[in-house]
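Here is the structure we will look at.
Owing to the predicted nature of the structure, the values given are computational and were not obtained by experimental measurement.
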Amino acid sequence: VQLQASGGGLVQAGGSLRLSCVASASIFSRNIMAWYRQAPGKQRDWVAHITTLGSASYAGSVKGRFTISRDNAKNTIYLQMNSLKPEDTGVYFCNKLTRTASWGQGTEVTVSS
C-alpha cells in the first residue's frame, strides 16, 4: 500500500471535501502523520500533522478551516476541508512528518472561484 491518498475533486469556493490516506503499517504505526500540498508550479508545503495520540497542528493558512484526524486501527488519516478557497488548489499528499517515506501520487483538489 505505502501511501494512497484519495477524495480529491473539483469544488466551488466555500465548499468542502474530505481526503483520506491509507498507509502501510510500517509507515503509519507510531509515527506522526501529515498532510502536504503542492500548488501548481510551487514546492510541496506542509498543511497539518497529527500525533499518534491525536494532537494536531495546522499551517496558518488552513487553521480553523481544515481538520486532520486519524484512525489507528485502519492506518488511515483524514483531512476534512471546509470553506475551501481557490488558493487551496493543489495536489495533496500524506506522509510521515519526519523521515518521509516514498511519496505516493497524491490526490488533486481544484477549487474554483
Item to check | side-chain hydrogen bond (donor to acceptor under 3.5 Å, both in side chains): pairs with one or both residues in residues 41-53, sequence neighbours excluded | outcome: Gln43-Asp45, Trp46-His49
Checklist entry - What pairs meet the side-chain hydrogen bond (donor to acceptor under 3.5 Å, both in side chains) rule with one or both residues in residues 18-28, with sequence neighbours excluded? => result none
Next on the checklist: Taking side-chain hydrogen bond (donor to acceptor under 3.5 Å, both in side chains) as the cut-off, I'd like each qualifying pair that reaches into residues 3-13, sequence neighbours left out, listed once.
Outcome noted: none
Check: residues 98-112 side-chain donor-acceptor pairs under 3.5 Å, at least two apart:
from   : atom 1 : to   : atom 2 : distance (Å)
Thr107 : OG1    : Gly8 : N      : 2.9

Checklist entry - So, do Leu97 and Asn31 sit near enough that their side-chain heavy atoms are less than 4.5 Å apart? => result no
Checklist entry - Would Leu84 and Tyr78 show up in the same hydrophobic cluster when neighbours are defined by side-chain heavy atoms closer than 4.5 Å? => result no
Checklist entry - Looking at side-chain heavy atoms only, is the closest gap between Phe66 and Asn82 below 4.5 Å? => result no
Checklist entry - How far apart are the closest heavy atoms of Lys74 and Val22, and which atoms are they? => result O-CG1, 4.4 Å
Checklist entry - For Leu53, which fellow cluster members are found when Ile, Leu, Val, Met, Phe, Trp and Tyr are connected by side-chain heavy-atom distances below 4.5 angstrom, either directly or through intermediates? => result none
Checklist entry - How would you list, by chain and number, every residue that makes a side-chain contact (heavy atoms from CB on, under 4.5 Å) with Thr67, sequence neighbours excluded? => result Tyr58, Gln80
Checklist entry - Say you draw a straight line from CG of Asn75 to CE of Met33; how long is it, rounded to the nearest 0.5 Å? => result 9.0 Å
Item to check | Gly7 versus Leu17, closest heavy-atom pair with distance | outcome: O-CD2, 3.9 Å
Next on the checklist: Can you pull out every salt bridge (charged side-chain N to carboxylate O under 4.0 Å, His left out) where at least one residue sits in residues 61-73? Sequence neighbours excluded, please.
Outcome noted: Arg65-Asp88
Next on the checklist: Once rounded to the nearest 0.5 Å, what's the spacing between atom CG of Asn72 and atom CD1 of Ile50?
Outcome noted: 8.0 Å
Checklist outcome for this item: With sequence neighbours left out, the residues meeting side chain to side chain donor-acceptor pair (under 3.5 Å) with Tyr92 are Arg37
Checklist entry - Do you know which two heavy atoms are closest between Ser83 and Ser16, and how far apart they sit? => result N-OG, 4.4 Å
Next on the checklist: For Leu3 versus Ala23, what's the shortest heavy-atom pair and its separation?
Outcome noted: CD2-CB, 3.7 Å
Item to check | Heavy-atom closest pair, residues Lys96 and Tyr36 | outcome: O-OH, 2.8 Å
Next on the checklist: Considering only residues two or more places apart or on different chains, which pairs with a residue in residues 8-28 satisfy ring-ring contact (aromatic ring centres under 6.0 Å, His included)?
Outcome noted: none
Next on the checklist: What I'd like to find out is whether the side chain of Leu19 reaches to under 4.5 Å of the side chain of Trp35, using heavy atoms alone.
Outcome noted: yes
Next on the checklist: Considering only residues two or more places apart or on different chains, which pairs with a residue in residues 76-113 satisfy disulfide (SG to SG under 2.5 Å)?
Outcome noted: Cys21-Cys94
